[in-house]
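Following: one structure in structure tokens, then a few remarks.
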Amino acid sequence: AIYTIEYTGAKLTIKAAEPTPGPIDPDPIIPDPATVVVTIKGHINTAVYDGAEHSVSGYDVSISNAQYKESDFTFTGEAKAACTDAGIAYMGVTVTQFTNKNNSFIVTFEVEDGYMQIDPRIITVSVADKSVEYNGSEQSGNTAYTFSNVVDGQTATITYTPAKGTSAGTYDNGSYANDLKVMSGSRDVTDNYSLWSKTKGKLIITSLDNENFNVSFDANLDNVVYDGNGQKPKVIVKDGDKTLVEGQDYTLTYNQNVNA
């Protein structure tokens with residue numbers, strides 16, 4: 001230690017000397033702020049349309065520097081999205097809603113917005129087959145259709161033209177129009193649906209039961225005389241009181257009609 005001695009009259013004083021100041025660094029070294037990347041990823045939720053509101057909220061945080069904490073920044077937005085109809089509703093989370101409050105770090109925010117997605121509801125429509133007996137007139141298949149998987153309380157409609165035919169056989173010529181409509185009360189909710197398949201109803205016309213036919217000849221067969229040629233007496237075929245038409249309602253062939 002360095003001391004100074006002062007003598008005044010009969011008094012002797014010993015003092016520790018003031019330390020000599022060292023040189024002042026004109027450019028002190030200040031550490032640079034650490035850099036950090038904060039990744040924000042909004043939550044995602046999906047659902048199938050059911051007429052109810054669905055929502056999603058919140059986000060996940062990933063930080064590149066362990067010394068930087070989630071409490072070192074603020075968020076001023078609202079990480080939430082909700083929707084009822086088919087489509088996508090975004091949260092609207094952006095970089096500008098995040099602010100660093102720790103000056104020891106240079107922070108870069110990377111944001112991926114979250115969203116709520118509702119997919120269209122898949123439905124089908126079908127018409128049942130119809131079987132009828134041949135009656136000589138044009139007949140039609142079923143017109144009533146049935147939808148599947150429509151939300152309870154909602155009503156689906158579509159225009160359907162039934163299969164038609166006259167002769168015995170199977171007809172698959174019904175058709176649907178492209179005019180699907182689904183209503184929820186007075187609200188049109190058609191855009192929330194996807195019509196996956198349309199099954200047409202077949203018309204099946206069966207042949208008449210031969211046991212119900214009444215066959216007679218329009219001539220007295222006792223008066224037919226052998227002439228070496230095939231005889232073809234006119235035939236009358238009735239289904240009850242209705243006279244059937246040859247070539248349209250039935251076919252007629254002759255055999256063993258030459259010799260007596």
Side-chain angles (χ1 to χ4, degrees), residues 22-125 146-158 176-198:
I24 299 175
D25 187 350
D27 297 310
I29 299 175
I30 300 175
D32 293 332
T35 59
V36 60
V37 176
V38 177
T39 302
I40 307 293
K41 188 173 183 178
H43 292 165
I44 295 171
N45 189 21
T46 61
V48 174
Y49 172 78
D50 61 3
E53 182 180 81
H54 295 267
S55 63
V56 63
S57 61
Y59 53 79
D60 295 324
V61 178
S62 177
I63 302 175
S64 64
N65 189 325
Q67 294 181 335
Y68 191 82
K69 306 300 180 182
E70 191 169 344
S71 58
D72 288 329
F73 66 85
T74 59
F75 172 61
T76 58
E78 182 180 14
K80 183 178 180 180
C83 58
T84 301
D85 293 331
I88 298 177
Y90 289 93
M91 292 180 179
V93 176
T94 65
V95 170
T96 58
Q97 296 170 334
F98 294 88
T99 303
N100 173 42
K101 60 181 184 179
N102 187 337
N103 294 329
S104 297
F105 295 87
I106 296 176
V107 182
T108 299
F109 291 99
E110 295 180 351
V111 177
E112 183 177 333
D113 200 6
Y115 60 85
M116 179 68 224
Q117 177 176 320
I118 295 182
D119 296 325
R121 191 177 190 87
I122 294 175
I123 60 174
T124 63
V125 63
T146 301
F147 280 95
S148 66
N149 204 36
V150 175
V151 173
D152 289 344
Q154 298 184 358
T155 303
T157 58
I158 196 170
Y176 289 92
N178 293 320
D179 60 352
L180 171 69
K181 179 172 285 189
V182 186
M183 300 296 294
S184 179
S186 60
R187 182 169 178 262
D188 190 337
V189 293
T190 306
D191 290 342
N192 294 301
Y193 287 88
S194 175
L195 184 53
W196 192 260
S197 68
K198 298 181 286 188

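- Smallest separation of non-hydrogen atoms from I123 and N149: CG2-O, 3.7 Å.
- F109 and V95 get closest at one heavy-atom pair: O-CG2, 3.8 Å.
- Using a 4.5 Å heavy-atom cutoff, the side chains of Y49 and D191 are not in contact.
- Rounding to the nearest 0.5 angstrom, the gap separating the CD1 atom in I122 from the CH2 atom in W196 is 5.0 Å.
- Put simply, the side chain of D188 never gets that close to the backbone of K181: no donor and acceptor are under 3.5 Å apart.
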Exercise for review: Under the side chain to side chain contact (heavy atoms under 4.5 Å, CB included) rule, what do V56 and I44 come out as? Steps first, then yes or no, please.
Suggested key: CA-CA 7 Å; V56 63; I44 295 171; 5.9 Å; no

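- Among pairs with a residue in residues 33-42, none fulfils side chain to side chain donor-acceptor pair (under 3.5 Å), at least two apart in sequence or across chains.
- To the nearest 0.5 angstrom, I40 atom CD1 is 11.0 Å from E112 atom CD.
- Residues F73 and N100 come closest through the heavy atom pair CB-CA, 4.2 Å.
- Rounding to the nearest 0.5 angstrom, the gap separating the CZ atom in F105 from the OG atom in S64 is 9.5 Å.
- Pairing each heavy atom of R121 with each of V48, the nearest pair is CA-CG1, 4.0 Å.
- Scanning both residues, N102 and Y68, for their nearest heavy atoms gives CB-CE1, 4.1 Å.
- The distance from the CD1 atom of I63 to the CD atom of E70 is 6.0 Å, given to the nearest 0.5 Å.
- Between atom NE2 of residue H54 and atom CG of residue D85 there is a gap of 11.0 Å, rounded to the nearest 0.5 Å.
- Tested against V182 for a side-chain contact (heavy atoms from CB on, under 4.5 Å), the candidates V189, T157, L195 yield a single pass: V189.
- Taking a 6.0 Å sphere around CG of D119, one finds it holds more than 12 heavy atoms contributed by other residues, nucleotides or ligands.
- More than 12 heavy atoms of other shown residues, nucleotides or ligands fall within 6.0 angstrom of atom CG in D179.
- Listed for the N192 side chain is a donor-acceptor partner under 3.5 Å among the backbone atoms of A86.
- Taking 4.5 Å as the limit, some side-chain heavy atom of K198 sits within range of a side-chain heavy atom of N178.
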Review point. Do Y59 and F98 pass the ring pair (Phe, Tyr, Trp, His ring centres under 6.0 Å) test, and can you show the C-alpha distance, the side-chain angles, and the key distance before you say yes or no?
Key: CA-CA 13 Å; Y59 53 79; F98 294 88; 5.8 Å; yes

Practice item. Tell me, with the steps shown, if V61 and V38 meet side chain to side chain contact (heavy atoms under 4.5 Å, CB included). Key: CA-CA 7 Å; V61 178; V38 177; 4.0 Å; yes

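- A side-chain donor-acceptor contact under 3.5 Å links T124 and S148.
- No donor-acceptor pair closer than 3.5 Å links the side chain of N65 to the backbone N or O of V36.
- In this structure, T76 OG1 and Q97 CD are separated by 5.5 Å, a value rounded to the nearest 0.5 Å.
- Pairing each heavy atom of G51 with each of Q154, the nearest pair is CA-NE2, 4.5 Å.
- In this structure, the side chain of S104 does not engage the main chain of P33 through any donor-acceptor pair within 3.5 Å.
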